[in-house]
Amino acid sequence: MVNTPFPQPCDAATYLAWEASQTERHELYQGLIRLRPGATANHNTVCGNLVVALRQQLEGSDHRVFAIDLRVHVPSLNAYLYPDVMVDGTAPNHRNGRSLLASTPVLVVEVLSDSTATWDRGGKFAAYRQLPSLQEYVLIDPQARTVELYRRNAAQRFELYAWDARNPGPCEFASVGLQWPLEDVFEGVVMEPPTDVVAA
């Protein structure tokens, strides 16, 4: 498998066939392909912490936890996106024994980085909101040590709940019944120096 140039603009069939031959992950949104950046150690640490907490919480239930490599399909936009972590209430579609995509997540979590924060807060959130199954969307910032959770209310609007050092929680993931202490979210995360500081 080799990485080849993005076929832009692109339809879903072309994207799916092209993506299958790539060593890196890519997303499709509004006919354009976006490279999914690689993850830092802190990013992987937070994802790992969350997967462990969710799997313990959901043991014995019909819900399944997925991380990093399972795509979410948003049919109304014909978009294919890779969440960092998600919980899905149904089995994902399979082809040739490989999990390809899911389209009924109840919880989607993105771990922010400098290269993904704008996309995660903007276009990606807008796409996920089109999924009727989605109950909560979560943004976790390892550097700022903040958790922002957007929960769908009875009026189908997403309300913000936030936790940080001044409001340490526990974070409440109501969609899966998880109460998650803030210190557990960031266990093992190593604080990095600010990128805007220039050495003298």
Side-chain angles (χ1 to χ4, degrees), residues 27 29 34 36-37 39-58 61 63 65-68 70 72 74 77 79 81-89 102 104-197:
E27 298 174 317
Y29 182 70
R34 301 175 56 96
R36 187 79 163 91
T40 65
N42 281 342
H43 183 284
N44 281 331
T45 296
V46 172
C47 288
N49 292 345
L50 179 55
V51 168
V52 169
L54 287 171
R55 286 185 174 162
Q56 289 176 345
Q57 175 67 22
L58 296 171
S61 78
H63 290 77
V65 182
F66 298 97
I68 306 297
L70 187 73
V72 169
V74 184
L77 298 175
L81 307 170
Y82 283 101
D84 287 322
V85 178
M86 74 168 175
V87 174
D88 198 278
T104 57
V106 298
L107 171 69
V108 168
V109 182
E110 297 288 0
V111 179
L112 301 179
S113 66
D114 290 342
S115 61
T116 66
T118 299
W119 169 231
D120 290 340
R121 292 183 183 280
K124 208 165 188 183
F125 185 22
Y128 288 136
R129 290 199 301 269
Q130 304 304 309
L131 296 170
S133 65
L134 186 68
Q135 298 175 30
E136 292 178 318
Y137 181 62
V138 183
L139 298 171
I140 301 177
D141 188 332
Q143 186 66 15
R145 292 182 178 252
T146 60
V147 176
E148 299 171 51
L149 182 148
Y150 295 86
R151 181 176 301 143
R152 192 190 297 266
N153 63 22
Q156 299 301 304
R157 297 186 178 94
F158 282 84
E159 297 178 329
L160 172 62
Y161 300 80
W163 298 272
D164 55 25
R166 294 170 295 180
N167 178 33
C171 309
E172 181 184 5
F173 292 45
S175 59
V176 292
L178 175 64
Q179 299 280 333
W180 199 22
L182 196 65
E183 61 267 25
D184 291 354
V185 177
F186 300 110
E187 182 180 0
V189 169
V190 177
M191 294 302 293
E192 301 171 354
T195 56
D196 58 350
V197 174

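One-based numbering along the sequence shown.
- Summarising the geometry, atom OG belonging to S113 is positioned 7.0 Å from atom CG belonging to D120; distances are rounded to the nearest 0.5 Å.
- Scanning both residues, H63 and G89, for their nearest heavy atoms gives CD2-CA, 3.8 Å.
- Taking the side chain as every heavy atom from C-beta outward, N42 and V190 approach each other to under 4.5 Å.
- The side chain to side chain contact (heavy atoms under 4.5 Å, CB included) test with V85 is passed by exactly one of V108, V51, V46: V51.
- Checking each of N44, V111, T116, V138 against D84 for a side chain to side chain contact (heavy atoms under 4.5 Å, CB included) leaves exactly one that passes, namely V111.
- E187 and N49 are not linked by any side-chain donor-acceptor pair at a separation below 3.5 angstrom, with hydrogens and angles left out of the test.
- By the 6.0 Å and 45° rule, R151 stacks over the aromatic ring of Y161.
- Legend: residues meeting side-chain contact (heavy atoms from CB on, under 4.5 Å) with Q135, ordered by chain and number and at least two apart, are V106, S175.
- Counting only heavy atoms from C-beta outward, the side chains of Q143 and D114 never approach each other to under 4.5 Å.
- To the nearest 0.5 angstrom, Y137 atom OH is 11.5 Å from L131 atom CG.
- Using a distance-only test at 3.5 Å, with no hydrogens or angles considered, a donor-acceptor pair links the side chain of E136 to the main chain of A174.
- Considering all non-hydrogen atoms of both residues, L54 and V176 come closest at CD2-CG2, 3.8 Å.
- Under the 3.5 Å distance criterion, the side-chain polar atoms of Q57 are matched with a main-chain donor or acceptor of G177.
- Taking the six-membered ring where the residue is Trp, F173 and W180 present perpendicular rings, their angle passing 60° and hence far from 30°.
- In terms of modelled atom types and a separation under 3.5 Å, the side chain of D164 and the main chain of R145 share no donor-acceptor contact.
- Atom CG of L134 is separated from atom CZ of R129 by 10.0 Å, given to the nearest 0.5 angstrom.
- Interatomic distance, L70 CG to D88 CG, rounded to the nearest 0.5 Å: 7.5 Å.
- Within the 4.5 Å cutoff, the side chain of Y128 has no heavy atoms near those of the M86 side chain.
- F158 is linked by a ring pair (Phe, Tyr, Trp, His ring centres under 6.0 Å) to F125, counting only residues two or more places apart in sequence or in another chain.
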